[in-house]
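Working notes, structure below.
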Amino acid sequence: MIRRSLAKVAAVAVRSAAVPRAAVRPLSLAAARTHTNTHTQTRTLSARGFSTSSPASASTDPPETDAKVAKSRTSFNTGIDAWNAGDIVTAMTHFRASIAHHPSSDAYFNLANCHHSQGDHTQALEGWRKSIDLSPRPDAYVNMANTHAIVLRDTAGALPFYRKALELAPMDGEIHYNFAVVLDAAAKAAGLTASAGQADKPHATPAAAGSAAAPVDPKAVELIEEAIVHYQMAVRLGVDMAEKHLRNAMAKLVGAQATTVNRTHAQREQGDSQQQRQ
């Protein structure tokens with residue numbers, strides 16, 4: 001229930017999101033990829049299927065390892081069946097058993113999903129980290145990012161995980177979109193709004209406009225500029241909802257630029273006025 005978007009969030013605990021509500025996929029921690037795995041329809045667990053942490057093929061492993069892998073796979077599949085039946089506690093038991101027999105990135109990933117669904121976000125984050133340690137995967141990075149942004153309301157903590165996800169999946173439009181939404185929220189938190197440049201009202205003098213508008217934090221401008229880049233990528237990659245947010249972000253940037261110009265002009269006029277009086 002975490003993997004995808006920052007808007008269609010199923011979990012009650014996540015509905016009070018501190019970021020704009022706008023995204024495409026339910027914020028699901030599972031890989032909702034187009035695989036032929038029989039469990040992909042859940043859109044909540046790893047859709048890659050079972051994989052072990054060992055790079056060696058089963059045929060080259062000693063017999064005892066083969067047996068552990070087989071037990072691990074059985075527990076893994078039983079855990080997925082339990083999840084699909086809505087029995088999260090039993091699913092967790094079997095994913096833990098799968099890990100105990102033979103650790104895999106998928107088992108840690110799915111166990112983390114279970115922890116998240118139970119509201120244990122600390123354990124969920126730890127599980128995704130262990131999943132990544134065994135096999136780097138963008139969905140785990142996105143889940144960590146979304147948890148920081150939405151559940152923990154830590155936008156700064158979310159940003160590095162989105163960057164890592166995009167290193168692994170640079171053409172995933174929904175990752176670009178979620179990243180842009182959080183960058184946008186971070187810019188807003190830094191004081192950037194769509195009305196930032198509206199101090200220059202029709203009948204206001206430049207000096208009055210400049211003195212009325214608060215200075216724009218350069219960091220906020222950097223954040224909104226980066227958000228625009230990722231909104232644009234999301235639009236190119238087919239995320240329709242990104243278009244509206246792209247327009248809003250560009251309006252904020254224009255407003256910030258106008259505010260900076262007005263303040264600079266007002267400061268120059270004030271300086272000239274003081275020189276004339278002297």
Side-chain angles (χ1 to χ4, degrees), residues 2-9 11-27 29 116 119 121-122 124-125 128 141-167 173-200 209-235 239 241-264:
I2 277 202
R3 161 66 175 95
R4 300 298 185 187
S5 93
L6 296 180
K8 297 180 181 177
V9 181
V12 174
V14 183
R15 283 202 176 274
S16 58
V19 295
R21 286 176 177 265
V24 179
R25 300 176 270 192
L27 190 62
L29 289 184
H116 177 80
H121 306 299
T122 299
L125 289 168
W128 294 319
Y141 279 120
V142 170
N143 292 344
M144 294 174 76
N146 288 350
T147 297
H148 276 278
I150 295 177
V151 180
L152 305 180
R153 303 194 178 194
D154 175 17
T155 54
L159 300 182
F161 295 118
Y162 286 123
R163 297 186 200 284
K164 294 295 291 186
L166 286 172
E167 287 177 11
E174 291 168 14
I175 298 177
H176 281 287
Y177 178 75
N178 282 5
F179 190 20
V181 169
V182 175
L183 286 164
D184 200 338
K188 182 177 180 180
L192 192 65
T193 65
S195 61
Q198 294 178 3
D200 49 335
S211 59
V216 178
D217 185 345
K219 180 61 177 177
V221 174
E222 290 178 13
L223 289 167
I224 202 63
E225 287 176 336
E226 189 174 6
I228 287 171
V229 169
H230 290 285
Y231 279 135
Q232 289 172 332
M233 279 298 297
V235 170
V239 183
M241 291 191 70
E243 293 186 24
K244 175 182 177 182
H245 295 275
L246 173 59
R247 291 194 298 270
N248 292 341
M250 293 180 73
K252 293 176 186 178
L253 180 59
V254 170
Q257 292 169 338
T259 296
T260 300
V261 169
N262 288 339
R263 286 184 61 83
T264 301

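Owing to the predicted nature of the structure, the values given are computational and were not obtained by experimental measurement.
- One finds the CD1 atom of I175 at 11.5 Å from the CD atom of E167 (value rounded to the nearest 0.5 Å).
- Within the 4.5 Å cutoff, the side chain of L183 has heavy atoms near those of the L159 side chain.
- What you find for A234 and G173 is that their closest heavy atoms are CB-O, 3.6 Å.
- To the nearest 0.5 Å, atom CE of residue M250 and atom CD1 of residue I228 are 6.0 Å apart.
- Between Y231 and A242, the closest heavy-atom pair is O-CB, 3.9 Å.
- Nearest approach of A158 to A145, heavy atoms of both residues: CB-O, 3.2 Å.
- Using the six-membered ring where Trp is involved, H230 and F179 have ring planes that are tilted, between 30° and 60° apart.
- When side chains are defined from C-beta on, L192 does not count as touching L223, because their heavy atoms never get closer than 4.5 Å.
- Summarising the geometry, atom CG belonging to N248 is positioned 9.0 Å from atom CD1 belonging to I224; distances are rounded to the nearest 0.5 Å.
- Counting heavy atoms from C-beta outward, E225 and V229 have side chains that stay 4.5 Å or more apart.
- With respect to N146, the side chain to side chain contact (heavy atoms under 4.5 Å, CB included) criterion is satisfied by exactly one of V181, V182, N178: N178.
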**OP:** Please assess H116 against N143 for the test side-chain contact (heavy atoms from CB on, under 4.5 Å), listing each intermediate value before the final yes or no.
**Re:** CA-CA 10 Å; H116 177 80; N143 292 344; over 6 Å; no
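- Taking 4.5 Å as the limit, some side-chain heavy atom of Y177 sits within range of a side-chain heavy atom of H245.
- Put simply, the side chain of R247 reaches to within 4.5 Å of the side chain of K244, judged on heavy atoms.
- For the pairing with H148, the ring pair (Phe, Tyr, Trp, His ring centres under 6.0 Å) check across F161, Y162, Y141 returns one residue only, F161.
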